[in-house]
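Heads up, the thing below is written out as structure tokens.
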Amino acid sequence: MEHYNMNLTLKVWKQKDGNSKGGFETYKVNNISSEMSFLEMFDVLNEQLIHEGKEPIAFDHDCREGICGMCSMYINGRPHGPWQGTTTCQLHMRAFKDGDTIVVEPWRANAFPVVKDLIVDRTSFDRIIQAGGYVSVNTGVTIDANSHMIGKDIADKAFAAATCIGCGACVAACKNSSALLFLSAKTSHLALLPQGQPERNNRALAMVAQMDKEGFGSCTNTGACEAVCPKEIEITNIARLNRDFAGAGLAADIKE
Amino acid sequence: MNWSQFFTSSVGKKLTMALSGIFLILFLIVHVGLNACIWANDGGVMFNKAAHFMGANWVPRVLEIGLFAFFLIHIIQGLVLEIQNRSKRKIGYAVNLGNRGSKWYSRSMGILGSLILIFLVIHIIDFWIPSRFGGLTETIIDGKPYHNLYAEMKYKFSEFEYRHIVIVIYILGVASLFWHLVHGFQSSFRTLGLTNHKYINMMIGLGWAFSLIVCLGFIMMPLSFLFGWIS
């Protein structure tokens with residue numbers, strides 16, 4: 001694809017802190033290369049703002065390789081921007097053309113309160129994982145890797161679920177602000193494998209309970225989460241979680 | 001985990017919606033099947049007998065209690081879910097994802113359900129209340145008196161002064177039901193844990209077919225009276 005430069009208008013959400021009322025600010029950026037990543041374009045804008053003596057825009061980022069799940073911009077009404085299966089850091093400016101106006105907002109959900117500008121607090125995801133998104137492993141002799149026979153199709157499904165980077169795009173896209181795609185990916189990659197079986201029931205119950213406590217909404221199977229997920233996590237994981245939760249919840253005793 | 005913790009959790013609420021929804025889907029089969037008796041075109045003899053059976057025999061009367069219970073559960077839980085889910089995002093987006101991520105009807109289950117509820121109230125006042133609590137004329141079939149529910153349908157849809165308004169309301173009500181079912185049918189099976197794409201695709205197809213057949217059946221009923229296809 002041919003390289004080109006572009007001039008853009010950005011409408012970016014600015015908010016001093018969690019207690020302040022935010023609003024949109026309009027910025028002009030010129031001579032943006034089509035080969036830049038979206039975050040590099042923000043770096044250019046922030047350099048420009050610093051030179052002008054203004055405060056730069058705060059945004060989350062870490063690896064810039066599409067695997068850490070830190071970047072979290074809601075670009076022109078879509079989490080991580082217009083490209084399918086892409087994080088914001090891997091979105092490149094060739095997705096836009098000269099003269100475009102780009103609206104950038106933070107993730108919107110009560111469970112993801114804005115910290116500053118485009119940065120939201122996603123520690124609610126950490127607490128969901130802490131509630132049961134793990135396997136307890138006893139120390140001792142290392143078990144031979146081939147002692148568990150796992151079918152290729154199952155291993156692939158577990159791996160696909162494990163690629164969830166916990167970025168929160170599913171919550172941002174969901175009309176109900178539900179975290180069920182994230183949660184179900186985190187239960188599925190363990191529930192599909194033998195190592196995840198002993199804690200399977202408890203995991204589903206404890207993680208759903210924590211999710212509800214954090215103030216996420218209820219899933220209504222609209223599929224928006226799956227459509228915007230940068231790792232293309234499948235919505236069938238939610239069905240697996242539903243089944244696990246129903247089975248575990250119905251089987252659970254009240255005296256334990 | 002006790003029952004209340006189970007059914008008040010976010011996934012438990014989904015299960016309530018799915019199970020009551022499937023019960024109501026089954027009811028629609030009974031409803032459209034029984035009403036199809038009007039097309040026997042025998043002046044309503046078969047239809048009035050079927051309606052009499054539904055009102056007089058204890059089996060459908062007991063099932064009717066269950067039906068009302070499931071209707072109430074589905075309506076109340078649905079409204080609660082809609083209100084709770086809307087409250088989970090205090091500040092909305094300036095630009096919405098809209099149809100890029102999901103189908104409009106899957107995001108509109110609350111609105112569609114509310115339209116169906118309004119229609120349901122009108123529909124119950126139109127036919128169910130007169131047939132259970134009086135207000136219908138009598139007709140003699142095989143020497144026995146029967147409520148003439150058929151005559152009431154015929155009056156509402158082909159003789160009543162405002163019949164065109166009534167029919168527009170029925171078309172809007174059934175259209176809302178159609179889009180509600182297109183999402184609700186397949187969604188309820190996902191909620192029950194359907195993960196296999198082969199069966200999910202089958203349920204999506206079955207959902208469309210079911211919604212089309214049932215809703216076309218319902219809408220043909222007032223139209224059959226309006227256009228005089230049955231007498």
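So you know, we letter chains A, B, ... as the sequences are listed, proteins then strands, and number each from 1.
- Between Phe119(B) and His123(B), the two ring planes are parallel [angle under 30°; tilted spans 30° to 60°].
- If you tally non-hydrogen atom pairs under 4.5 Å between each of Ala246(A), Ala173(A), Gly223(A), Ala248(A) and chain B, the highest count goes to Ala246(A).
- A donor-acceptor distance shorter than 3.5 angstrom exists from the side chain of His80(A) to the backbone of Thr88(A), with no hydrogens or angles considered.
- The greatest number of non-hydrogen atom pairs below 4.5 Å with chain B, out of Ile238(A), Val171(A), Asn221(A), is found for Asn221(A).
- In this structure, chain A has no heavy atom under 4.5 Å from any part of Gln5(B).
- Ranked by heavy-atom pairs under 4.5 Å with chain A, the first of Leu194(B), Leu15(B), Thr191(B) is Thr191(B).
- In terms of heavy-atom proximity, Ala51(B) sits nearest to Leu149(B) at CB-CD2, 3.9 Å.
- Contacts of Asn2(B) with chain A are made by both backbone and side-chain atoms, with heavy-atom separations under 4.5 Å.
- Of the atoms belonging to Phe112(A), not a single heavy atom falls under 4.5 Å from chain B.
- For Lys156(B) and Phe127(B), the positive end sits near the middle of the six-membered ring, less than 6.0 Å away and at most 45° from its axis.
- When Glu82(B), Arg89(B), Gln84(B) are compared by the number of non-hydrogen pairs under 4.5 Å with chain A, Arg89(B) comes out ahead.
- Other residues, nucleotides and ligands place more than 12 heavy atoms under 6.0 Å from the CH2 atom of Trp104(B).
- Heavy atoms of Leu81(B) lying under 4.5 Å from chain A belong exclusively to its side chain.
- The contact between Lys14(B) and chain A is made entirely by side chain atoms (from C-beta outward), counting heavy-atom distances below 4.5 Å.
- With a threshold of 4.5 angstrom between heavy atoms, Leu97(B) approaches chain A through its backbone and through its side chain.
- Proximity to chain B (any heavy atom under 4.5 Å) is restricted, for Glu234(A), to the side chain, taken from C-beta onward.
- Taking the charged nitrogens against the carboxylate oxygens, Glu214(A) and Arg127(A) do have a contact shorter than 4.0 Å, which makes a salt bridge.
- Ranked by heavy-atom pairs shorter than 4.5 Å toward chain B, the options Asn237(A), Ile235(A), Thr222(A) are led by Thr222(A).
- Of the residues considered (Arg243(A), Arg108(A), Glu226(A)), Arg108(A) shows the highest number of contacts with chain B, using heavy-atom pairs under 4.5 Å.
- A salt bridge is defined here as a Lys NZ or Arg NE, NH1 or NH2 lying under 4.0 Å from an Asp or Glu carboxylate O, and Asp156(A) with Lys152(A) meets this definition.
- The aromatic rings of Phe245(A) and Phe6(B) lie parallel to each other, with less than 30° between the two planes, well short of the 60° mark.
- At least one cation-pi condition fails for Arg78(A) and Trp83(A): the charged atom is not both under 6.0 angstrom from the six-membered ring centre and inside a 45 degree cone around its axis.
- Proximity to chain B is absent for every atom of Ala204(A), based on heavy atoms less than 4.5 angstrom apart.
- Between chain A and the options Asn196(B), Asn96(B), Ile200(B), Val95(B), the largest number of non-hydrogen pairs under 4.5 Å is found for Val95(B).
- Between Phe96(A) and Phe38(A), the ring planes lie tilted relative to each other; the angle falls in the 30° to 60° range.
- Most heavy-atom pairs under 4.5 Å with chain B: of the set Asp244(A), Val228(A), Leu250(A), this distinction falls to Leu250(A).
- Ranked by non-hydrogen atom pairs under 4.5 Å with chain B, the options Cys174(A), Cys219(A), Ala239(A), Ala111(A) are led by Ala239(A).
- Remark: the backbone N or O of Lys198(B) is not paired with any side-chain donor or acceptor of Asn201(B) at under 3.5 angstrom.
- Proximity to chain B (any heavy atom under 4.5 Å) is shown, for Cys225(A), by neither the backbone nor the side chain.
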